[in-house]
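Here's the structure we're looking at; comments come further down.
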Amino acid sequence: MTLSATLAELVRDFRANGRIVIVGASLAGLRGAEALRAGGFSGSLTIIGDEPYEPYDRPPLSKQVLKGWVPADHTLLPRARELDARWRLGVAATGLDRAAKQVHLANGEQVPYDRLLIATGTRARQWPNPAEAALEGVLSLRTRDDAARLQQALAARPSRVLVIGGGFIGSEVASVCRELDIPVTLTERGPAPLVGALGGVIGEIAAEMQRDHGVDLRCGVSVSSLEGDAAGHVRRARLSDGTTVEADVVLAALGSIRNVEWLQGSGLAAGFWGGRVRRRRPGVRHQRRGDRQRLRGGRRGARATRVVRVPVPRDGALGQRRPRRRGGGPQHGQPRTALPSASAAARLLVRPVRRQHQVRRRAAVR
Ligand SMILES: Cc1cc2nc3c(=O)[nH]c(=O)nc-3n(C[C@H](O)[C@H](O)[C@H](O)COP(=O)(O)OP(=O)(O)OC[C@H]3O[C@@H](n4cnc5c(N)ncnc54)[C@H](O)[C@@H]3O)c2cc1C
């Protein structure tokens, strides 16, 4: 049997009998799983998620859910296909042993894999002072439970809501408050809301629109501290310009932080900007340029604005990397990489081997 026939047989065998584990049971994890099945993978598929829910859609959480149009638990993501997957929900992955090819779970179990897809996304950055963050009425918005809490707080008709941070989520919540006729103050350190994501010109337009709709917009200031009453409920914020804002609901909309802590000690270079595998690391390779061009779905030279590079370590773990485009990042709360990179990564896991040098590299993985 020739080398390529042997490898084709190995790929067929992996597709039928391999074990793929996806960590992160949200949009990217679900779409990655669907892409794997669509790509012909019929082996064992395990999806691990620390939230107790099946994958749900986050965009409605800051819109329809807060307005009370849709309950927070009615936001499940539609499924493109039956997955035949083993769901491990409500349990976090706490470690990755790449040598043993095992994911460690918070309940002490180990889940073995042949290939791993990392789709653990981001979480909301909390108000940095823990005592102030613990005051009743100080909230953040990332999960379905967060949205249910904020919706209840708004339904109780607070005297004023203070939104700290004028990114997408802060601006959306301020907008919902005005639609519900709730007084709202929005503080933004920059010169206008949405500047980081959309630039100064649009930021100025957004500022004007917010003020026109009754948002008490304070730009160029930050919140120095939060104060509560004797019962431990937030009542007031002190701002850097010496003013105070009386509010009984405070939303910290401070952007997001990538969930990479569980990868510490795994040998993957995971940190502030997400997971990354260094070039020329022994036993690890970056995805090839040709693959990247195909992932972009365009001709040679097409602009790479939508899809990020997907580093592919030789032991089969896949991670995400920060896109080159400006404007994303934790301070903006709008990660842009996850869906395309995860589904692209999933397609890579089952893509037939095409070139001889790829064949040799992948042979070294097995
Ligand atoms: C309120 C809100 C509104 C939004 N609105 C929009 C919008 O209008 N338009 C838009 O394009 N985008 C919007 N977004 C952003 C969009 O929702 C995200 O881009 C998308 O959720 C990213 O999906 P993901 O699967 O990569 O990551 P995430 O949705 O962050 O999912 C990662 C999952 O992994 C889990 N996880 C983390 N660590 C572990 C671990 N160690 N073990 C197991 N599981 C783990 C997390 O709990 C989470 O369930 C919004 C986000 C929020 C929060």
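Counting starts at 1 for both ligands and their atoms, in listed order. Since the structure is predicted, the reported quantities are computational estimates derived from the model, not experimental observations.
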Show your working on salt bridge (Lys or Arg N to Asp or Glu O under 4.0 Å) between Arg12 and Glu9 and close with a plain yes or no. CA-CA 5 Å; Arg12 260 197 304 279; Glu9 181 55 38; 3.0 Å; yes
Between the main-chain N or O of Leu254 and the side-chain N or O of Arg125, is there a donor-acceptor pair closer than 3.5 Å? yes
Phe14 six-ring face occupied by Arg115 cation (under 6.0 Å, within 45°): yes
From Ala124, Ala147, Pro59, Pro60 - option closest to atom 9 (N) of ligand 1 by heavy atom: Pro59
From Leu27, Val23, Val91 - option closest to atom 20 (C) of ligand 1 by heavy atom: Leu27
For ligand 1, is any non-hydrogen atom under 4.0 Å from Ile169's backbone (N, CA, C, O), its side chain (CB onward), both, or neither? side chain
So, the side chain of Glu136 versus the backbone of His233: is there a donor-acceptor pair under 3.5 Å, distance only? no
I'd like to know if Arg58 and Glu172 make a salt bridge, using a cut-off of under 4.0 Å between side-chain N and carboxylate O. no
Taking the side chain from Asp114 and the backbone from Arg19, do they hold a donor-acceptor pair closer than 3.5 Å? yes
With nothing but distance in play, are any N or O atoms of Leu141 less than 3.5 Å from an N or O of ligand 1? no
N/O of Ser62 under 3.5 Å from N/O of ligand 1, yes or no? no
Give the contacting part of Arg123 toward ligand 1: side chain, backbone, both or neither, where contact means a heavy-atom distance below 4.0 Å. neither
Taking only heavy atoms of Gly24, which atoms of ligand 1 are found under 4.0 Å from at least one of them? 34 (O)
Would you kindly specify which portion of Asn259 sits under 4.0 Å from ligand 1, judged on non-hydrogen atoms: side chain, backbone, both or neither? side chain
Using distance alone, determine whether Ser26 and ligand 1 share an N or O pair under 3.5 Å. yes
Geometric N/O contact Ala93 with ligand 1, under 3.5 angstrom: yes
By number and element, which atoms of ligand 1 are closer than 4.0 Å to a non-hydrogen atom of Thr122? 30 (O)
All side-chain contact (heavy atoms from CB on, under 4.5 Å) counterparts of Asn259, not counting sequence neighbours: Thr120, Arg123
Got an N/O contact under 3.5 Å between Ala28 and ligand 1? yes
From Arg142, Lys63, Arg88 - option closest to atom 18 (C) of ligand 1 by heavy atom: Arg142
I need the atoms of ligand 1 closer than 4.0 Å to a non-hydrogen atom of Gly121, numbered in the order shown. 27 (O), 30 (O), 32 (C)
Within a distance under 4.0 Å of any heavy atom of Gly49, pick out the atoms of ligand 1 and give their elements. 43 (C), 44 (N)
Test: Arg238 and Glu227 ion pair at under 4.0 Å: yes
Regarding Thr143 and Asp145, do their side chains bring together a donor and an acceptor under 3.5 Å, going by distance alone? no
Donor-acceptor pair, distance only, cut-off 3.5 Å: does the side chain of Arg178 make one with the backbone of His213? yes
Part of Ala119 within contact of ligand 1 (heavy atoms, under 4.0 Å): backbone
